[in-house]
2 protein chains.
Amino acid sequence: MNLRELSERLNLSQTTVSRALNGYPEVNEATRKRVADAARLYNYRPNIRARTLATGRAMSIGHIIPFSKQSEMVNIVFADFIAGAGEVYSTHGYNMSLSVVRDEDELSAYRGVAEKGAVDGIIVHSPARNDPRIAFLADLDIPFLVHGRASEVTTPYSWLDVNNTRAIETGTQYLLDLGHHRIGLINGQERMDFAQRRRDGYLSALRSAGIAADETIMRSGEMNEPYGYTSTLDLLENDSPPTALVTSSIVPALGIRRALEERGLKMGRDISVLCYDDEISYLPNGCDAPIFTAMRSSVRNAGRRCAEMLIEQINSATPELRTELWDAELVIGTSTGPLLSSV
Amino acid sequence: MNLRELSERLNLSQTTVSRALNGYPEVNEATRKRVADAARLYNYRPNIRARTLATGRAMSIGHIIPFSKQSEMVNIVFADFIAGAGEVYSTHGYNMSLSVVRDEDELSAYRGVAEKGAVDGIIVHSPARNDPRIAFLADLDIPFLVHGRASEVTTPYSWLDVNNTRAIETGTQYLLDLGHHRIGLINGQERMDFAQRRRDGYLSALRSAGIAADETIMRSGEMNEPYGYTSTLDLLENDSPPTALVTSSIVPALGIRRALEERGLKMGRDISVLCYDDEISYLPNGCDAPIFTAMRSSVRNAGRRCAEMLIEQINSATPELRTELWDAELVIGTSTGPLLSSV
DNA sequence: GAATCACTTCAAAGCGCTTTGGATAGCAGA
DNA sequence: TCTGCTATCCAAAGCGCTTTGAAGTGATTC
């Protein structure tokens with residue numbers, strides 16, 4: 001059943017039927033009701049492809065998920081971000097178009113998705129420090145918004161980011177205040193912008209405390225549980241092992257916890273651990289009280305807000321760019337404690 | 001630049017240009033080259049909306065992600081499944097259309113997405129035992145495939161599932177063989193089909209060992225880390241605490257580990273833990289050797305295969321249904337060991 | 001020289017909607 | 001009676017592509 005058939009059965013024009021169904025004012029209420037009843041009766045649903053062609057709007061937002069054959073790893077925060085964004089999309093009548101593309105194909109995938117009408121806007125995930133995607137999308141002249149930032153990119157663009165530098169600076173400072181001066185860093189991959197900024201924050205806190213950075217207790221890598229585990233074991237072998245650790249996510253923190261427990265060290269007493277907590281839904285940081293002392297910011301909320309900002313940008317007549325910088329919140333758990341002189 | 005403009009510049013018909021670009025044989029090679037060059041020069045990209053309207057194919061697969069306001073939790077395996085499926089889609093020229101919809105809206109979202117042309121097929125996630133979506137989609141007459149099964153549904157449908165019953169039966173049997181006879185179950189939500197089947201497998205193994213099931217050491221709930229933790233603490237308070245635990249995912253298993261370590265119990269010696277391992281990319285079960293003894297099946301591979309099966313079904317002239325039942329593999333880790341008489 | 005054929009190319013008809021620019025009718029006001 | 005207005009409704013023109021059915025061109029065959 002399409003619009004033409006429906007209008008024929010009703011002895012009305014397609015115009016009137018279309019307007020009746022879409023809530024336009026210039027149609028008699030009695031007619032509207034008649035149309036609505038018939039639409040229900042014949043189980044009529046407008047064809048979305050035709051509608052988007054006619055309106056010029058896809059009502060769809062593209063997300064392109066890079067996927068590298070080597071790592072095979074999905075971004076930890078991806079699912080929760082998507083869930084948050086998806087929620088907002090559905091309340092605004094949008095849906096989400098995901099493309100999982102290999103690293104090397106990513107730019108062409110953007111082109112394919114973006115150039116002509118498949119989506120009305122794009123969200124860029126996990127920007128690297130000098131991310132080529134940003135200039136590329138700006139060229140394509142399609143609204144887009146970056147979750148995170150790309151420090152080395154000069155093209156202006158819309159973004160939402162957490163102040164990663166300040167977050168980790170604050171966290172590191174907290175450990176310094178507890179008396180720790182030998183603090184290890186178990187960071188994400190530092191080609192990623194967020195990881196670089198977190199490293200900056202860590203270094204900055206050390207510097208202002210007059211402590212020289214020591215590369216032998218700093219790690220950078222893909223944030224899974226074994227990475228946290230092996231890095232920790234490794235750091236504990238150091239000639240002068242750290243008394244506190246800072247890590248980029250709750251996932252490696254779980255690995256840290258495993259390593260420490262295996263070595264018989266108690267978190268918060270023998271060694272302090274501070275992590276960044278994205279509030280991943282299935283790995284909450286404890287139920288009532290937090291377990292890990294953490295810098296916390298909800299990635300789900302970030303997804304929600306990114307979606308809102310992008311939709312605003314799409315719908316605004318003058319598409320000025322939007323940026324938003326959030327601060328992570330320090331929450332105190334049981335994984336940190338003052339430096340004991342005995343250690 | 002659209003097809004008409006491009007064809008005007010080339011002094012060719014739209015037909016010829018379209019055919020040249022889409023690789024049809026009835027076009028002179030010299031012409032084809034001329035068209036291809038011009039397309040590149042003017043940066044021409046076909047409008048996807050128009051194309052899908054004309055061809056009747058959306059080249060897109062829908063995934064509908066239920067989202068309940070209470071739980072806010074994303075399915076643990078979602079990201080990896082999506083990554084696997086997305087890989088296959090992109091090699092076949094499809095993309096993925098995700099809708100995150102509230103539980104109560106889900107059926108209407110299917111209708112909206114499916115009824116008319118937004119997608120060529122649908123993947124159903126996390127089926128419940130008597131899932132209304134299946135009959136609904138069958139009615140809509142659109143190809144769809146269920147990841148998992150719905151025991152109580154009588155409508156025939158395509159699915160790919162792991163033999164959850166056998167998996168957990170095998171796992172439980174392994175614990176029984178180690179001498180355990182007091183085995184707790186920390187299951188997923190049993191309104192979900194997979195959780196129900198796992199419960200069945202657990203019960204079946206106990207039954208064949210002549211052991212009566214004891215509801216006081218069986219739990220069902222949403223699989224996050226604190227759920228594993230609190231359930232374990234709870235089970236340890238039992239008058240006759242279990243000497244072994246079976247759990248539905250590596251995520252609650254992490255909570256179990258935390259609880260046990262907090263109680264000073266060593267996994268594999270004082271208490272045995274067996275989990276189901278979906279091979280989630282950022283929570284691998286150890287690096288080289290497995291940590292948890294587990295029933296293992298890759299959800300990413302499941303995503304890949306579901307995508308393949310659905311695409312086959314979409315493209316086949318006679319859309320017969322496809323089903324596939326996989327077996328999980330028992331891997332032995334360090335989290336299990338023989339029952340010590342002392343405990 | 002006419003007929004046949006392969007090879008190219010094209011005009012035009014969709015696909016199913018939205019939206020523009022009237023048309024028509026009824027009614028009040030002049 | 002005529003005008004102007006409002007409330008309804010409609011015909012037709014897109015949106016930008018694919019695809020059908022046909023036509024033009026040489027070359028080949030009879």
Side-chain angles (χ1 to χ4, degrees), chain A residues 1-36 38-39 42-60 93 95 111-120 142 315, chain B residues 1-36 38-39 42-60 93 111-120 142:
Chain A
M1 173 66 64
N2 61 24
L3 187 64
R4 187 176 51 71
E5 286 165 12
L6 182 63
S7 63
E8 278 167 5
R9 300 218 190 194
L10 284 162
N11 272 320
L12 286 170
S13 71
Q14 292 189 38
T15 311
T16 302
V17 175
S18 169
R19 290 190 157 151
L21 293 173
N22 291 323
Y24 283 72
E26 57 272 74
V27 45
N28 188 299
E29 271 313 315
T31 314
R32 189 191 302 280
K33 176 149 182 3
R34 201 159 68 87
V35 171
Y42 297 118
N43 198 22
Y44 166 77
R45 289 270 145 179
N47 181 309
I48 295 171
R49 295 188 291 244
R51 188 208 293 264
T52 62
L53 179 59
T55 58
R57 313 197 50 188
M59 295 310 286
S60 156
N95 76 338
R111 164 159 271 131
V113 168
E115 184 85 279
K116 282 293 175 51
V119 299
D120 302 313
I142 183 171
N315 292 333
Chain B
M1 174 65 64
N2 61 25
L3 187 64
R4 187 177 51 72
E5 286 164 13
L6 181 63
S7 62
E8 278 167 6
R9 301 219 188 192
L10 284 162
N11 272 321
L12 285 170
S13 71
Q14 293 189 39
T15 310
T16 303
V17 176
S18 169
R19 289 191 159 151
L21 293 173
N22 292 323
Y24 282 71
E26 56 270 75
V27 45
N28 189 300
E29 271 313 314
T31 313
R32 188 192 302 280
K33 176 151 183 2
R34 201 160 67 86
V35 170
Y42 297 118
N43 198 22
Y44 167 77
R45 289 271 146 180
N47 181 308
I48 295 171
R49 295 188 290 243
R51 188 209 292 266
T52 62
L53 179 59
T55 58
R57 312 197 52 188
M59 294 310 285
S60 155
R111 163 159 270 134
V113 169
E115 184 86 279
K116 283 293 175 51
V119 299
D120 302 314
I142 183 172

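In the text below, chain A, chain B and the rest are named by the order of the sequence lines, each starting its count at 1.
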**Prompt:** What is the distance from CD of B:E5 to P of D:dC15, rounded to the nearest Å?
**Reply:** 10 Å

**Asked** Whole-Å distance between C:dT8 C1' and B:R32 CZ?
**Response** 12 Å

**Asked** How many angstroms lie between CG in B:N47 and OG1 in B:T52, if you round to the nearest 0.5 Å?
**Response** 8.0 Å

Could I get a table of every N or O pair under 3.5 Å where one atom is in the protein and the other is in nucleotides 19-25 of chain D?
residue, atom, partner, partner atom, Å
D:dT19, OP2, B:Y24, OH, 2.6
D:dT19, O4, B:T15, OG1, 3.0

**Item:** Whole angstrom value for the distance that separates P of C:dC7 from CD of B:E29
**Value:** 13 Å

**Prompt:** Does a side-chain N-to-carboxylate-O contact under 4.0 Å join B:E8 and B:R4?
**Reply:** yes

**Asked** Taking CG from A:N11 and P from D:dC10, how many angstroms apart are they, rounded to a whole number?
**Response** 9 Å

**Prompt:** If you check the B:L3 side chain, which of D:dC17, C:dC17, D:dC10 turns out closest?
**Reply:** D:dC17

Using a 3.5 Å cut-off and no angle test, enumerate the donor-acceptor pairs between side-chain atoms of residues 15-27 of chain B and protein atoms at least two apart in sequence or in another chain.
residue, atom, partner, partner atom, Å
B:T16, OG1, B:S13, OG, 3.1
B:N22, ND2, B:S18, O, 3.2

**Item:** Distance in angstrom units between A:R4 CZ and D:dA13 P, rounded
**Value:** 17 Å

**Request:** Rounding to 10 degrees, work out the angle separating the end axes of the helix from C:dG1-D:dC30 to C:dA30-D:dT1 (five pairs an end).
**Result:** 70°

**Message:** For a quick test of reading the model: is some side-chain N or O of B:Y44 closer than 4.0 Å to OP1 or OP2 of D:dC17?
**Reply:** yes

**Message:** Any base atoms under 4.0 Å from B:T31, or only sugar-phosphate, or nothing? Heavy atoms, all strands.
**Reply:** sugar-phosphate

**Request:** Run through B:R9, B:E5, B:M1 and flag the one making a side-chain contact (heavy atoms from CB on, under 4.5 Å) with B:Y44.
**Result:** B:M1

**Prompt:** So do A:L10 and A:T31 actually touch side chain to side chain, heavy atoms under 4.5 Å?
**Reply:** no

**Asked** Which of these nucleotides, D:dC15, C:dC17, C:dT9, is closest to any side-chain atom of A:R51?
**Response** C:dC17

**Message:** Just so I know, are the side chains of A:M59 and A:R51 near enough to count as touching, which here means a heavy-atom distance under 4.5 Å?
**Reply:** no

**Request:** Send over the distance from B:L53 CG to D:dT18 C1', rounded to a whole Å.
**Result:** 10 Å

**Item:** Phosphate contact (D:dA7 OP1 or OP2) by A:N28 side-chain N/O below 4.0 Å
**Value:** no

**Message:** Between B:D120 and B:R57 (side chain of the first, backbone of the second, donor and acceptor by atom type, cut-off under 3.5 Å), is there such a pair?
**Reply:** no

**Request:** Taking only the side-chain nitrogens and oxygens of A:N47, find out if one of them lies under 4.0 Å from OP1 or OP2 of C:dC17.
**Result:** no

**Item:** Over all atoms of both residues, closest heavy-atom pair of A:S7 and A:Q14
**Value:** OG-CG, 3.5 Å

**Message:** With rounding to the nearest 0.5 angstrom, report the OG to CD1 distance, A:S60 to A:I48.
**Reply:** 10.5 Å

**Nearest-Å distance for atom pair OH/P, residues B:Y42 and D:dG16** = 18 Å

**Item:** Between C:dA11 (C1') and B:E8 (CD): distance, integer Å
**Value:** 14 Å

